[in-house]
Amino acid sequence: MKDFYTLGIETSCDDSSVAILKNEREVLIDLISSQIDIHKLFGGVVPEIASRKHLEAINPLIEKALEETGLSYDDIDLISVTKGPGLMGSLLVGISAAKGLSLATGKPLIGTNHMQGHVCANYLSNKDLKPPFITLVVSGGHTYLCKVKSYTDYEVVGRTRDDAVGESYDKIARSIGLAYPGGPKIDKLAKEGNGKAINFPRVMLEKDSYDFSFSGLKTAVLNYIHNCDQRGEEINKADLCASFQEAVMDVLVEKSMRLIDQSKYKTFCLSGGVAANSRLRDIMSQECAKRGIALSYPTIELCTDNAAMIAIAGYLNYKAGERSDNYLKVYPNLDL
Ligand code: KG4
Ligand code: ZN
């Protein structure tokens, strides 16, 4: 059978990325042009700068992906582009590039949900993985507990009512002077600290709820920093990071394992940028092993934003019969 090539385009936040996927799971190339050095000067992503940088990066990245794989526009069978959620201006750049390419080449176009992409990154790292499974999706802007019933059927059972996990990491990091994005830096510093040093709140919400709330924890950490400042006491940053991280982990583990214990699913996947967190991987490995549950998480590169995950999610939806046309819009608040 002839090989099928999907061109993936991702511009939802601050990384421009272009990938080419061969058939279902073979990533031929996954190029990322990072904007972190610019946004870090401002302590977080500046939307206007992000869209301008995407505009400069996207076409050269597409050209480079084709050149390095030795493929031409003729070889591409599908163009999959992130349609949301994300920053309006950033998404528009990717969608416009994809539409232009689809019009010029006559190749089919599919708009892809970025959060579904994060989940599908698991298929790229674990070639035998198949639905059904439960996934905890933890990214910079979203937090979901979700049953993945088939390649295209997702049932969200829990979500954050306020801050996302990655957002909490980034805000706490910023308040102790760690550069954006703070998640990886807290991960590293926490290894040197004592997770029991400071008792931060674990917000579990109603007894049966799978929803999350992290704004109370964020406020508690910020109050702790403020009180230390007022008393002129030096903060042990490693202990603070470790204690904050343990509070996050206790909530993520309790909710995820309760869902696993109450359902028939035998596989659990971590998805999204925070799935790169070493403590989350360790603690979920232990908890899954205790229960005889298989655990999957993407490689570190595939946890954070990339176009390979957008290519595979688009490919799976396309094979299930989904199509977009040239009226495709952006959906900044798209849900999973
Ligand atoms: O999924 P992602 O790349 O972008 C969104 O779709 O939001 O996630 C980025 C988030 C950031 O908040 C970043 O701090 C966090 O993932 N992150 C981590 C780690 N690596 C990335 N958080 C904790 N530990 C890490 N090792
Ligand atoms: Zn993302």
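Heavy atoms only: backbone and side chains are in, while hydrogens, waters and symmetry mates are out. We count ligands from 1, going down the list as the structure has it; atoms in each ligand are counted the same way.
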> Side chain, backbone, both or neither: which part of Asp305 has a heavy atom under 4.0 Å from ligand 1?
Replying inline: both
>> Between Glu246 and Arg279, does any side-chain N to carboxylate O distance fall below 4.0 Å?
In response: yes
>> Please classify the His118 to ligand 1 contact at 4.0 Å (heavy-atom distances, strictly less than): side chain, backbone, both or neither.
In response: side chain
>> Do Arg161 and Phe212 form a cation-pi contact, if we require the NZ or CZ to be under 6.0 Å from the six-membered ring centre and within 45 degrees of the ring's axis?
In response: no
>> Using heavy-atom distances only, which candidate in Gly140, Pro85, Gly117, Ala173 approaches atom 7 (O) of ligand 1 most closely?
In response: Gly140
>> Whether Lys255 engages the ring of Tyr210 as a cation-pi pair (distance to the six-membered ring centre under 6.0 angstrom, angle to the ring normal within 45°) should be assessed.
In response: no
> Could a heavy atom of Met115 be found less than 4.0 Å from some atom of ligand 1?
Replying inline: no
> Can you count the protein N, O or S atoms that lie less than 2.8 Å from the Zn ion (ligand 2)?
Replying inline: 3
>> Between the side chains of Lys290 and Glu287, is the shortest nitrogen-to-carboxylate-oxygen separation below 4.0 Å, so that they form an ion pair?
In response: yes
> At a 4.0 Å cut-off, with the gap strictly under it, does some heavy atom of Gly141 reach an atom of ligand 1?
Replying inline: yes
>> Residue-level breakdown please: for Asn277 versus ligand 1, do any non-hydrogen atoms fall below 4.0 Å on the side chain, on the backbone, on both, or on neither?
In response: both
>> Test your reading of the structure: does Gly166 have an N or O sitting under 3.5 Å from an N or O of ligand 1?
In response: yes
>> According to ring pair (Phe, Tyr, Trp, His ring centres under 6.0 Å), who are the partners of Phe200, at least two apart in sequence or on a separate chain?
In response: Tyr224
> For ligand 1, which atoms have a heavy atom of Thr304 less than 4.0 angstrom away?
Replying inline: 3 (O)
> So which of Gly183, Ser12, Gly273 gets nearest to atom 21 (C) of ligand 1, if we judge by its closest heavy atom?
Replying inline: Gly273
>> Quick check against the 3.5 Å criterion: does Asp211 have a side-chain atom that pairs as donor or acceptor with the backbone of Arg159?
In response: yes
